[in-house]
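Lettering follows sequence order; numbering is per chain, from 1.
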There are 2 protein chains.
Amino acid sequence: MNEQTAEIVRRLKDHGINPTAQRIEIAQVLLARFTHMSADEVFQIVNKTEPRVSKATVYNTLGLFADKGLVREVIVDPSKIFYDSNVGPHHHLYNVTTGELRDIDQQHMQVVGLPPLPPGTTVEGMEVVVRVRDERGSPSS
Amino acid sequence: MNEQTAEIVRRLKDHGINPTAQRIEIAQVLLARFTHMSADEVFQIVNKTEPRVSKATVYNTLGLFADKGLVREVIVDPSKIFYDSNVGPHHHLYNVTTGELRDIDQQHMQVVGLPPLPPGTTVEGMEVVVRVRDERGSPSS
DNA sequence: CTTAATGCAAAGGCTTTGCAGAGAC
DNA sequence: GTCTCTGCAAAGCCTTTGCATTAAG
């Protein structure tokens, strides 16, 4: 077990997640880089180089990671959930044409003010999504 | 045709939508109040009091309305799309426990700053979602 | 040996699609 | 008569679930 894997295991344990082989693989795919991936993308990548992890395990594991706070679910597309390895406060820019999702950090954009919360509720999270699309017709046409 | 219906028809036409009977019914359900409804909710309500509109027509019509800018799609829940009759600039508060979605108007919360856009893209929309949950365990327990 | 995790396949929920029939002008 | 819209049912896609098998301590 190399250094990188050791850290992944540590992070899993820190979040109360039993570090099994499949979970370590999935975590390595998702946590190695600061990207956003759908469950299916994770499934593809994990099974490209490594032994084999079933689709059910990928979905269940990602759900577990999200519950435990290791990754963040990002809801920007009605057809799939994105998993974000960046758990810190930041926002998102979503290209509806290409499906690409990228981070916007706080220094570029901030939310000011807090709305009155309904009684008996607590804030679970806050999310800003800027939706962009590729320009089709040129601006001058 | 009463006054209210006449206005609905006008709004449909203004958005380039051919005002058929079904479309008028759906528009009345959705535009009468400032609410957010899923396609299925619209389907239920339309068929509670009125002749009958098929599920396919409800889905297709809502998609058409969104395309034409008559309503706004709100993506906050991976399992369904909400349609918002409020097209003006505002944000959303989503209760993940109850599934309730409500508006936050701009005076309560604003976004400051604009992120650098990827070249060749234009902003299609911006959305802030505050996610709350009902308190279960009491804060002092 | 006992408990937890994985894999497979089936089921589920929301939405879209194909195509025939009905409606509008 | 022609063009558009509607409705039904089937298909599609992502995700969850049930249950037997396998792995771990």
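What separates CG of A/N47 from C1' of C/dG7 is a distance of 12 Å, to the nearest Å. Look at CG on B/N18: it is 20 Å from P on D/dT2, rounded to the nearest Å. Rounded to whole Å, the distance from CZ on B/F43 to P on C/dG13 is 15 Å. Going from atom CG of B/L64 over to atom C1' of D/dT4 covers 12 Å, rounded to whole Å. In this structure, B/L12 atom CG and D/dC5 atom P are separated by 12 Å, rounded to whole Å. To the nearest angstrom, C1' of C/dC14 lies 9 Å from NZ of B/K55. Note: CD1 (A/I24) to P (D/dA23) measures 16 Å, nearest angstrom. Taking atom CD1 of A/I81 as the reference point, atom C1' of D/dT16 lies 11 Å away to the nearest angstrom.
Contact check, B/R52 against D/dC8: a side-chain N or O comes under 4.0 Å of OP1 or OP2. Contact between the side-chain N/O atoms of A/S79 and the OP1/OP2 oxygens of C/dT15 is not found at any separation under 4.0 Å. Dashed line: the shortest gap from a side-chain N or O of A/S38 to OP1 or OP2 of D/dC14 is not under 4.0 Å. Between B/Q22 and D/dG7 there is a side-chain polar atom (N or O) within less than 4.0 angstrom of OP1 or OP2. Dashed line: the shortest gap from a side-chain N or O of B/Y59 to OP1 or OP2 of C/dT15 is under 4.0 Å.
When the nucleotides C/dT16, D/dC5, D/dT17 are ranked by their closest atom to the side chain of A/A56, D/dT17 comes out on top. Between C/dT6, C/dT16, D/dG7, one nucleotide has an atom nearer to the side chain of A/R23 than all others, and that is C/dT6. When distances are taken from the side chain of B/T57 to each of C/dC14, D/dG7, D/dC14, the shortest belongs to D/dG7. In the set C/dA5, D/dC14, C/dT15, the nucleotide with an atom closest to the side chain of A/K80 is D/dC14. Here D/dC8 is the nucleotide among C/dC14, D/dT15, D/dC8 with the atom lying nearest to any side-chain atom of B/S54.
Taking every heavy atom of both residues into account, B/K55 and B/F43 meet most closely at N-CE1, 3.5 Å. When every heavy atom of A/V53 is checked against every heavy atom of A/I26, the shortest pair comes out as CG1-CD1, 4.1 Å.
Between A/H36 and A/H92, the distance separating the two ring centers is shorter than 6.0 angstrom.
Nucleic acid contact for A/N60: base, since at least one base atom lies under 4.0 Å from a heavy atom of the residue.
Here OH of B/Y94 is found 11.0 Å from CD of A/E124. Values are rounded to the nearest 0.5 Å.
Looking at B/D103 and B/H90, their side chains do bring a donor and an acceptor atom within 3.5 Å of each other.
Mapping B/V58 and A/D40 onto DNA chain D by nearest heavy atom places B/V58 at the nucleotide closer to the 5' end.
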